[in-house]
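Chain letters run A, B, ... following the sequence lines, proteins first, then strands; residues in each count from 1. Everything numeric in this text was worked out from a predicted model, so none of it was measured.
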Amino acid sequence: MTSIDAPVTPDAPAAPVASVASAASAAPEALDAREAPAARGALEASAASALPTPPAELHGPVLAWFDRHARDLPWRRPEAGAWGVMVSEFMLQQTPVVRVLPVYEQWLARWPRPADLAADAPGEAVRAWGRLGYPRRALRLHAAAVAITERHRGDVPSDHGQLLALPGIGEYTAAAVASFAYGQRHAVLDTNVRRVFARAATGVQYPPNATTAAERRLARALLPQDEATASRWAAASMELGALICTAKNEDCGRCPISGQCAWRLSGKPAHDGPPRRGQTYAGTDRQVRGRLLAVLRDTSDPVAQAALDAVWDEPVQRARALDGLVADGLVEPLDGGYYRLPVS
DNA sequence: GAAACGTGGGA
DNA sequence: TTCCCAAGTTT
């Protein structure tokens, strides 16, 4: 998060964007958490003043909507604690809420504190992860629990920099945990928030493939000054993207800021730029890895090579996938051609 | 910055 | 049935 601000893109969409982009580019370097509050406030004020819709006009309606329509998710309850929030954030990376719910409950019941998970084998985390997908997240969550136990006396750190230093925690998750679990003021930019801002403030259907400096500036400019309000705003804007301002079939009829949405006011123009990369899956190493790991998850006993060979007929790809799992630490090779989930 | 990394449900 | 997408991170 250091980057030099990118120049205003020449192909930037029409009217509403122009004012946002120019105001954003006029600001100096990206702000860091360590910068003086005074400088930060001034910069955000200048960026905000040029927005098509002043932030204050968005906060009220979105926060009021959130009060009425927020889902009652377990990690939003006070008893979830910072560990519950952190576990949910790991599981929710690229995985829908409905699939996370049951696994989350079992996880917290089994490992109510970071030290509990840290004391168990990493392979148990991979097993409990079940079919959530991207099992390296389970390994990283376990590693993060170990780090928290060793470096932070078993308490999930509240400092953004310390969170960012944990395995599996990147820009989004660090801000999310600091904001949701500790009520801090951070720009929380996930795919939902980015889409809401792209539409409401920038006037385009979809945000760029990767988060840009302009998006970070915009998010900071829209962040309420008050810490508690900023924290609620982060959750509210995310929920709006998850329930109303969805990627497809958005429900503008129920949107609290549809009357101020730059994209809707300009006739909801279709996304133009380069097509968003679709991810292939069938026939890939990822599919093979998934099948191999599924076999190993189902038993605590060592699995013979032959049992793994049965899941995929192409030997070269099969071997490459297994090697990859071992290299990633997701599978532990034993003597005699046996394998199991990692015990250490 | 691009590519790798799982899985399953809805349109 | 195929395609798209879901609270990203790491290399």
Side-chain angles (χ1 to χ4, degrees), chain A residues 1 3-4 6 70-71 73-76 80 84-104 126 129-141 143-144 163-181 186-196 205-213 215 219 234-243 245-250 271 274-297 311 320-321 323-325 327-330:
Chain A
M1 61 179 297
S3 50
I4 303 293
R71 292 168 291 180
L73 300 171
W75 44 86
R76 286 181 178 162
V85 171
M86 181 174 149
V87 169
S88 76
E89 290 303 336
F90 268 76
M91 292 183 173
L92 289 164
Q93 291 168 4
Q94 303 285 279
T95 304
V97 167
V98 289
R99 232 183 301 161
V100 164
L101 285 170
V103 182
Y104 171 86
V126 175
W129 197 254
R131 307 189 68 81
L132 285 183
Y134 292 144
R136 290 191 293 193
R137 290 181 293 165
L139 224 43
R140 290 174 183 149
L141 180 51
L163 285 166
L164 200 55
L166 295 173
I169 293 191
E171 176 183 356
Y172 160 75
T173 304
V177 172
S179 180
F180 301 155
H186 291 281
V188 181
L189 270 182
D190 80 319
T191 189
N192 289 305
V193 175
R194 294 179 61 218
R195 187 173 53 249
V196 168
Q205 187 175 21
Y206 296 118
N209 282 324
T211 304
T212 63
E215 285 183 278
S237 54
M238 188 176 304
E239 190 77 338
L240 186 62
L243 299 182
C245 195
T246 49
K248 292 191 166 184
N249 302 316
E250 67 280 356
H271 177 75
R276 299 133 92 212
R277 283 199 318 282
Q279 31 185 353
T280 56
Y281 182 63
T284 62
D285 287 8
R286 277 155 75 182
Q287 184 179 24
V288 185
R289 288 165 57 106
R291 289 194 185 183
L292 290 170
L293 214 51
V295 172
L296 293 163
R297 272 201 309 267
V311 307
R320 185 173 64 234
D323 286 346
L325 288 171
D328 289 346
L330 283 162

For the pair made of [atom1] in [X] and [atom2] in [N], what is the distance, rounded to whole Å?
X	N	atom1	atom2	answer
A/Leu325	B/dA4	CG	P	16 Å
A/Gln94	B/dG8	CD	C1'	14 Å
A/Asp190	C/dT9	CG	P	10 Å

What nucleic acid atoms does [X] come within less than 4.0 Å of, heavy atoms only: base, sugar-phosphate, or nothing?
X	value
A/Thr191	sugar-phosphate
A/Val97	base
A/Thr173	sugar-phosphate

Using OP1 and OP2 only, check whether a side-chain N or O of [X] sits under 4.0 Å from [N].
X	N	result
A/Gln93	C/dA7	no
A/Arg195	C/dA6	yes
A/Arg131	B/dG8	yes
A/Arg286	B/dT7	no

Let me know, please, whether A/Pro167 or A/Met238 comes out on the 5' side of the other along DNA chain C by nearest nucleotide.
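By nearest-heavy-atom nucleotide position, the 5'-most residue is A/Met238.
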Can you tell which of B/dA11, C/dA7, C/dA6 lies closest to the side chain of A/Asn249?
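The closest nucleotide is B/dA11.
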Of the nucleotides C/dA7, C/dT10, B/dG6, which has the atom closest to the A/Arg289 side chain?
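Output: B/dG6.
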